Amino acid sequence: MLILRSAALFVVAALFEIGGAWLVWQGVREHRGWLWIAGGILSLGAYGFVATFQPDAHFGRILAAYGGIFVAGSLLWGAVADGYRPDRWDITGATICLAGMALIMWAPRN
């Protein structure tokens, strides 16, 4: 149950962080305006808040593991929101990142 809770928190954090970055990107690069940028900034703040609910209390471990989620989630977001088509190396790299995240977060420790 602890792993499911942790995984769910990573998914929610990814939605806030990647979504926030995408909103800022859209506001600046696609000239959608300040409301998009402000929404992105709020979403990025929400990401930091959600990350604090991880059961592990080590900041470095949480952010390091989140890097794997960010890589895979960013590719997925780009595919869904912007029509990006990851190639086999993108998918291989994302898979390695997710495996690293799982080791960092859920490997047995003394």
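The model shown is predicted, which means the values in this text are computed figures rather than measured ones.
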A.B. asks: Is there a path of hydrophobic side-chain contacts, each under 4.5 Å between heavy atoms of I/L/V/M/F/W/Y residues, joining L15 to M105?
C.D. replies: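 Yes; L15 is reachable from M105 via cluster members.
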
A.B. asks: Ignoring hydrogens, what is the shortest heavy-atom contact between L75 and A94? Give both atom names and the distance.
C.D. replies: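 Distance-wise, the nearest heavy atoms are CD1-CB, 3.9 Å.
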
A.B. asks: Verify the distance criterion only: is there a donor paired with an acceptor across the side chains of E17 and S43 at less than 3.5 Å?
C.D. replies: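 The criterion, which ignores hydrogens and geometry beyond distance, is not satisfied for S43 and E17.
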
A.B. asks: For residues L23 and I18: do they belong to one hydrophobic cluster (side chain heavy atoms under 4.5 Å, members Ile, Leu, Val, Met, Phe, Trp, Tyr)?
C.D. replies: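 Hydrophobic grouping puts L23 with I18.
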
A.B. asks: Salt bridge (charged side-chain N to carboxylate O under 4.0 Å, His left out): which pairs involve residues 49-67, sequence neighbours left out?
C.D. replies: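 Sorted result for residues 49-67: D56-R61.
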
A.B. asks: Checking D87 now: which residues fulfil side chain to side chain donor-acceptor pair (under 3.5 Å) with it, not counting sequence neighbours?
C.D. replies: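 By the side chain to side chain donor-acceptor pair (under 3.5 Å) rule, D87 matches no residue at all.
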
A.B. asks: Do W77 and F10 land in one hydrophobic cluster if side-chain heavy atoms of ILVMFWY residues count as linked below 4.5 Å?
C.D. replies: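 Shared cluster, yes.
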
A.B. asks: Can you run down the ring-ring contact (aromatic ring centres under 6.0 Å, His included) pairs that involve residues 50-73, sequence neighbours left out, and say none if there aren't any?
C.D. replies: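 For residues 50-73, and leaving out neighbouring residues, the ring-ring contact (aromatic ring centres under 6.0 Å, His included) pairs sorted by first residue read Y47-Y66, F49-F53.
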
A.B. asks: Just distance, no hydrogens or angles: give the donor-acceptor pairs under 3.5 Å from side chains in residues 29-42, sequence neighbours left out.
C.D. replies:
from : atom 1 : to  : atom 2 : distance (Å)
R32  : NE     : Q26 : OE1    : 3.1
R32  : NH2    : Q26 : OE1    : 3.4

A.B. asks: Check which hydrophobic residues are tied to I91 through side-chain heavy-atom contacts below 4.5 Å, counting indirect links as well, and list them.
C.D. replies: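 Its cluster mates, by chain and number: none.
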
A.B. asks: I'd like to know whether L44 forms a side chain to side chain contact (heavy atoms under 4.5 Å, CB included) with F16, so could you lay out the CA-CA distance, the side-chain angles of the two residues, the decisive distance to 0.1 Å, and finally the verdict.
C.D. replies: CA-CA 6 Å; L44 289 166; F16 280 128; over 6 Å; no

A.B. asks: If you count every heavy atom of other residues, nucleotides or ligands that lies below 6.0 Å from W25 atom CH2, does the total exceed 12?
C.D. replies: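 No, because the 6.0 Å sphere around CH2 of W25 holds 12 heavy atoms or fewer from other groups.
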
A.B. asks: How close do M101 and G68 get, counting heavy atoms only, and between which atoms?
C.D. replies: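 Result for this residue pair: CB-CA, 4.4 Å.
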
A.B. asks: Applying side chain to side chain contact (heavy atoms under 4.5 Å, CB included), can you list everything that pairs with A21, at least two apart in sequence or on another chain?
C.D. replies: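 Side chain to side chain contact (heavy atoms under 4.5 Å, CB included) check on A21 returns nothing, list empty.
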
A.B. asks: Who are the side chain to side chain contact (heavy atoms under 4.5 Å, CB included) partners of A99, not counting sequence neighbours?
C.D. replies: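 Here no residue qualifies.
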
A.B. asks: According to side chain to side chain contact (heavy atoms under 4.5 Å, CB included), who are the partners of L76, at least two apart in sequence or on a separate chain?
C.D. replies: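 Only V80 meet the side chain to side chain contact (heavy atoms under 4.5 Å, CB included) criterion with L76.
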
A.B. asks: Are L98 and I62 in one and the same hydrophobic cluster, where Ile, Leu, Val, Met, Phe, Trp and Tyr link if side-chain heavy atoms are under 4.5 Å apart?
C.D. replies: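 Yes, it is one cluster - the side chains of L98 and I62 are joined through contacts under 4.5 Å.
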
A.B. asks: Please identify each residue that fulfils salt bridge (Lys or Arg N to Asp or Glu O under 4.0 Å) with R5, with sequence neighbours left out.
C.D. replies: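 Checked R5 against salt bridge (Lys or Arg N to Asp or Glu O under 4.0 Å); zero matches.
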
A.B. asks: Kindly state each residue pair satisfying ring-ring contact (aromatic ring centres under 6.0 Å, His included) with at least one member in residues 80-110, sequence neighbours excluded.
C.D. replies: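 Non-adjacent pairs meeting ring-ring contact (aromatic ring centres under 6.0 Å, His included): zero.
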
A.B. asks: Check side chain to side chain donor-acceptor pair (under 3.5 Å) between W22 and all other residues, then give those that pass, not counting sequence neighbours.
C.D. replies: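 In terms of side chain to side chain donor-acceptor pair (under 3.5 Å), with neighbours along the sequence ignored, W22 is linked to D82.
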
A.B. asks: Applying side chain to side chain contact (heavy atoms under 4.5 Å, CB included), name anything that partners A79, two or more places apart in sequence or on another chain.
C.D. replies: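 A79: side chain to side chain contact (heavy atoms under 4.5 Å, CB included) contacts with R85, P86.
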
A.B. asks: Give the minimum heavy-atom separation between A14 and I69, together with the two atoms involved.
C.D. replies: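 Looking at all heavy atoms of both residues, the shortest contact is CB-CG2, 3.6 Å.
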
